Amino acid sequence: MSSRLTRALLKLYPRRIRSRYGNELLELQDELRTQGSPSRTRLIRDTLAGAVLVRPVRERARLVVTAILVISGLATAGSILAAAGTSSRAQTSSSQTRAAVPHVNATPYGTCFVATGSSCSLAACTQFASQTSTQNAVVSNNEPAIQRPSRRTKARCASHALVLAQPPVFVARVVKATPPRP
Amino acid sequence: MVDDLPQRGVLILTSLAEGPKHGYALIKDIEQFAGVTLGPGTLYGALARLEDADLVKALPAQQRRHPYQITAAGTAALTGQLRRDEQITRVGLARIGIQPI
């Protein structure tokens, strides 16, 4: 791994240790890597363990507490983002997306948030007005829409809607509309 | 109460008891006699602590790598630790009904 990552991780070691053992440690890692013995993940974990090991016990505790705080902070931020994603998904439940289609047809010059497989874009609602079959336009598990938006895309669309103070309307682009069989 | 050496310290000192070694040789030797694979980070972390405690010392570098050598204090600390471990091993084995080899 020689690499920038290891060199960056070495910064976790006290300066004295780094200057005394740093080069040897990197060379040994390279030597072991050329033999393919330890995996990259293991080397990273080992480098981190070494950084903890060289510190006095009291400092280790502080290091561990700091790490726990940082990880909890990241986890909290992650859950907040996930909750935002969930709430936006809740906004676009099946019944609501079904209800959105008449809105698309009724206001053809409005702005729709179009969530396709991986992107969110703004589009005039007129392009969906030609879709006579609401079944093809609604994003729902039972519909034959071919590019269903991901949860993240819906969340992104929802956040755009918040910025624009406008409720998001999720529809799916349909490549081929299949007429219902008689 | 004598301070116990950490397990990594015992492994490193035991390896160095045979003669001076550099990092790579230490890792391979420990792997062979103990079945424990130390990584470079933990090895140098443990070496740093042992060197701070004057239990090992670095010899002049050979091809940019320092061989490490056990000191007299290191030998004494290792001896004490192994004796304590031996005592515990003997008592433990006897109590579970196994004869020491």
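Worth saying up front: this structure is predicted, and the values here are computed from it rather than measured. In the text below, chain A, chain B and the rest are named by the order of the sequence lines, each starting its count at 1.
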Quiz item: Are the charged groups of Arg20(A) and Asp52(B) less than 4.0 angstrom apart, N to O?
Solution: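 A salt bridge is absent here (no side-chain N lies under 4.0 Å from a carboxylate O).
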Minimum heavy-atom separation for [X] to [Y], with atom names?
X	Y	value
Val54(A)	Ala48(B)	CG1-CB, 4.3 Å
Thr42(B)	Leu53(A)	O-CD2, 3.5 Å
Leu28(A)	Tyr44(B)	CD2-CE1, 3.6 Å

Quiz item: Is there a side-chain contact between Thr47(A) and Pro40(B) (heavy atoms, below 4.5 Å)?
Solution: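 SC-SC contact between Thr47(A) and Pro40(B) ruled out.
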Quiz prompt | ILVMFWY cluster, Leu16(B) and Phe33(B) together (side-chain gap under 4.5 Å) | solution =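 In one cluster: yes.
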Quiz prompt | Hydrophobic cluster membership, Val36(B) vs Leu78(B), 4.5 Å side-chain cutoff | solution =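 Val36(B) and Leu78(B): one cluster.
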Practice problem: Pick whichever of Gly41(B), Gly45(B), Gly23(B) has the most heavy-atom pairs under 4.5 Å with chain A. | Solution: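 With the most close heavy-atom pairs to chain A, the winner is Gly41(B).
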With a 4.5 angstrom heavy-atom cut-off, which part of [X] approaches chain B: side chain, backbone, both or neither?
X	value
Ile17(A)	side chain
Arg45(A)	neither
Leu32(A)	side chain

Quiz prompt | Which atoms of His22(B) approach chain A - backbone, side chain, both or neither, heavy atom under 4.5 Å | solution =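 Neither; nothing under 4.5 Å.
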Self-check item: Proximity breakdown for Ala61(B) and chain A, heavy-atom pairs closer than 4.5 Å
Solution: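 Neither the backbone nor the side chain of Ala61(B) comes within 4.5 Å of chain A.
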Quiz item: When you look at CD of Glu18(B), are more than 12 heavy atoms from neighbouring residues, nucleotides or ligands closer to it than 6.0 Å?
Solution: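 For Glu18(B), atom CD is not crowded (no more than 12 foreign heavy atoms under 6.0 Å).
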Practice problem: Give a yes or no on this: more than 12 heavy atoms of other residues, nucleotides or ligands lie within 6.0 Å of atom CD of Gln35(A). | Solution: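 Count over threshold, so yes.
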Exercise. Mark yes or no for whether Arg65(B), through its side chain, and Glu24(A), through its backbone, hold a donor-acceptor pair below 3.5 Å.
Key: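 A pair under 3.5 Å: no.
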